[in-house]
A.B. asks: 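Attaching a single structure in structure tokens format; questions to follow.
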Amino acid sequence: MAKVITPRNEDYSQWYNDLVYQSGLADQSAVRGCMVIKPHGFALWENMKDVLDRMFKETGHVNAYFPLFVPKSLFEAEEKNAEGFAKECAIVTHYRLKNDPERKGKLIVDPEAKLEEELVVRPTSEAIIWNTYRDWIQSYRDLPILINQWANVVRWEMRTRPFLRTAEFLWQEGHTAHSSSEEAIEEALKMHEVYTRFAEDYMAMPVIKGAKTANERFAGAEETYTIEAMMQDGKALQAGTSHYLGQNFAKAFQVKFLNDQNREEFVYATSWGVSTRLIGALVMTHSDDDGLVLPPKLAPIQLVIVPIPKPSSEIDLVAEKILKDLKSKGIRVVYDRDEKNRPGFKFAEYELKGVPLRIGIGSRDLEKGVAELARRDSKEKVSVPLESLVDEVLKLLIEIQSGLFDKARKLRVEKTKFLDQWSDFEELMKEEGGFVYAHWDGNSETEELIKEKTKATIRCIPFDPDLKEKGQCILTGKESKGRVLFAKAY
RNA sequence: CGGGGCGUAGCGCAGCCCGGUAGCGUACCAGUAUGGGGUACUGGUGGUCGCUGGUUCAAAUCCAGUCGCCCCGACCA
């Protein structure tokens, strides 16, 4: 029993940390607030990235790359955005080190090498991109511009947690330019829908779609659309956002175009992004006390074949055949004929890593012409005749994918309440937590007050038309236009 | 930045109060047996005890300073 993971019911956040480090997703680094993404974690990210990148391209976007550094003068151009990020920016002030005359072999920052203008390490790229777009846009014929970039960004967070919040993280940021407000809003909503499809169809993570309140909105945006997922502890996690930026950045950077009436107009913008945070979301949505549980569509390894108790020429022969057949069906499969570890160890190890399916083959199986097929999500094991193994695997992978989604949705339904009494709301947030649909009067002050009292925030104003009923604010009793989603959040 | 805790082998820790040859578990290496859910036994490798200074015949242990990390809070995707 080398690796012990703290059980979820004992300490949920410790469980999460144990899991991330022991399953090989990430490692701590020598840099405060930054982590190393290990091969297993990065393989997961690559799979996510591949799917998303394909979806972006299918919706007409192309990739490009903009600089890591943003001159301070550009950064501050859009005031609200700059203000929003100011408190968490890393800044480059010098460009050279030199030998320390006091201490041999040590280096100091060369005071002579001060930059004339400081460079902000991008917390997001709107500034540098809009400063560039200005040069690219003259006429409505240059629009729309539909660009995405895969990049790292830095936000100097006070408290960090692996994947969920680190000082540096990987993400994609889409930045589009349009000739009308309608088209830009349509774009923002379209990408919001892409994120929804990705979360639900690939991550098997059900999400609530909606818009952010003014308090929670992206700094510099007119409207922020979000997808909110529920983690197993009932807390909400913002999994992706898409922003309609109006003409805010166009005005800040003087990005104008001549419309088809030959009149000058400011460009309309959107931006949208998801990050490596999704890995944290994936972990907290499906995994259990034995390790990761990964949806087959994103799992780096979908199936592992374990010889029992160790490889033999007979087992090799059968295993290689299964390997070949499954690979030809596009399944990501490995045959673990490592003799250093015993089967029990391997079982535990692959469960820890979240491999959805495992095939065990021993001499007893071979005598009967079967193999043992075990699934990670339910831990069920069945004996399957070798002839039908491939079909069974394909069937199970689909079943596991949809099973994970259903299970997550079921949990969310159980932990979602419709409340109208303030005392109920307060009590629920103090005790079990979860999602609450309640009426809100639309005032930021009310939202702040609720946050102070319960630590719950408005995660979104849901799109769901059924929630648009009139009512009275749960705190103030004032008129409300519809229910909003409250929860404590990551 | 406020409150709390911790730096001793790759990892997890004991030893410190009461100074006297640096220990346990795990991992790692070698071997033997074992082999259908994290094998067992035997032998072995590995540490300037975070750093700097002080007290002392003698410091992981006492004192002072310093650096770093973790947890809780404010901030945030």
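Every chain is numbered from 1, with letters handed out A, B, ... down the list of sequences.
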A.B. asks: Ser363(A) side chain: which of A77(B), G36(B), G35(B) is closest?
C.D. replies: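 Per side-chain heavy atoms of Ser363(A), the pick is G36(B).
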A.B. asks: For the pair made of CD1 in Ile279(A) and C1' in A77(B), what is the distance, rounded to whole Å?
C.D. replies: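 Atom-to-atom, Ile279(A) to A77(B), this comes out as 14 Å.
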A.B. asks: Can you tell me how far C1' of C28(B) sits from CZ of Phe345(A), to the nearest Å?
C.D. replies: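 From Phe345(A) CZ to C28(B) C1': 13 Å.
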A.B. asks: Who passes ring-ring contact (aromatic ring centres under 6.0 Å, His included) against Tyr437(A), sequence neighbours left out?
C.D. replies: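 For Tyr437(A) the ring-ring contact (aromatic ring centres under 6.0 Å, His included) partners, ignoring immediate neighbours, are Phe418(A).
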A.B. asks: Cation-pi check for Phe463(A) against Lys209(A): NZ or CZ below 6.0 Å from the six-membered ring centre and within 45 degrees of the axis, yes or no?
C.D. replies: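 Not satisfied by the 6.0 Å and 45° rule.
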A.B. asks: Measure from the side chain of Asp365(A), starting at C-beta and using heavy atoms only, and say which of G36(B), G35(B), A77(B) lies closest.
C.D. replies: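 The closest nucleotide is G36(B).
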A.B. asks: Let's see if you can work this out: which of G36(B), C71(B), A77(B) has an atom nearest to the side-chain heavy atoms of Glu372(A)?
C.D. replies: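 Looking only at side-chain atoms, Glu372(A) lies closest to G36(B).
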A.B. asks: Kindly write out the residues that satisfy salt bridge (charged side-chain N to carboxylate O under 4.0 Å, His left out) with Asp365(A), not counting sequence neighbours, or none if the list is empty.
C.D. replies: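 For Asp365(A), no residue satisfies salt bridge (charged side-chain N to carboxylate O under 4.0 Å, His left out) once neighbours in sequence are set aside.
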A.B. asks: With sequence neighbours left out, which residue pairs that include part of residues 227-246 of chain A fulfil the ring-ring contact (aromatic ring centres under 6.0 Å, His included) condition?
C.D. replies: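 Sorted result for residues 227-246 of chain A: Phe218(A)-His243(A).
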A.B. asks: Go through residues 190-224 of chain A and report each residue with a non-hydrogen atom lying under 4.0 Å from RNA chain B, sorted by number.
C.D. replies: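 None, since no heavy atom is under 4.0 Å.
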A.B. asks: Which one, G37(B), G36(B), C75(B), comes nearest to the side chain of Phe347(A)?
C.D. replies: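 In terms of side-chain proximity for Phe347(A), the closest of G37(B), G36(B), C75(B) is G37(B).
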A.B. asks: Among A77(B), G38(B), G35(B), find the nucleotide with the atom closest to the side chain of Ala348(A).
C.D. replies: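 Nearest to the side-chain atoms of Ala348(A), counting from C-beta on, is G38(B).
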A.B. asks: For Arg342(A) and U39(B), is the shortest distance between a side-chain N/O and OP1 or OP2 below 4.0 Å?
C.D. replies: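 For U39(B), OP1 or OP2 has a side-chain N or O of Arg342(A) closer than 4.0 Å.
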A.B. asks: Mind checking what makes salt bridge (charged side-chain N to carboxylate O under 4.0 Å, His left out) contact with Asp336(A), not counting sequence neighbours?
C.D. replies: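 Checked Asp336(A) against salt bridge (charged side-chain N to carboxylate O under 4.0 Å, His left out); matches are Lys346(A).
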A.B. asks: Among G37(B), G35(B), G36(B), find the nucleotide with the atom closest to the side chain of Lys381(A).
C.D. replies: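 Among G37(B), G35(B), G36(B), the one nearest the side chain of Lys381(A) is G37(B).
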A.B. asks: Determine the Euclidean distance between corresponding C1' atoms of C51(B) and G12(B); express it in Å to zero decimal places.
C.D. replies: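 Those two atoms are separated by 23 Å.
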A.B. asks: Between Thr124(A) and Arg122(A), does any side-chain donor sit less than 3.5 Å from a side-chain acceptor?
C.D. replies: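 The criterion, which ignores hydrogens and geometry beyond distance, is not satisfied for Arg122(A) and Thr124(A).
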A.B. asks: To the side chain of Glu351(A), which of A77(B), G35(B), G37(B) is closest?
C.D. replies: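 Of the candidates, G37(B) comes closest.
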A.B. asks: Go through the structure and list residues passing salt bridge (charged side-chain N to carboxylate O under 4.0 Å, His left out) with Arg364(A), not counting sequence neighbours.
C.D. replies: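 Checked Arg364(A) against salt bridge (charged side-chain N to carboxylate O under 4.0 Å, His left out); zero matches.
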A.B. asks: Starting at atom CZ of Arg277(A), determine the distance to atom P of A77(B), rounded to an integer number of angstrom.
C.D. replies: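 Arg277(A) atom CZ is separated from A77(B) atom P by 8 Å.
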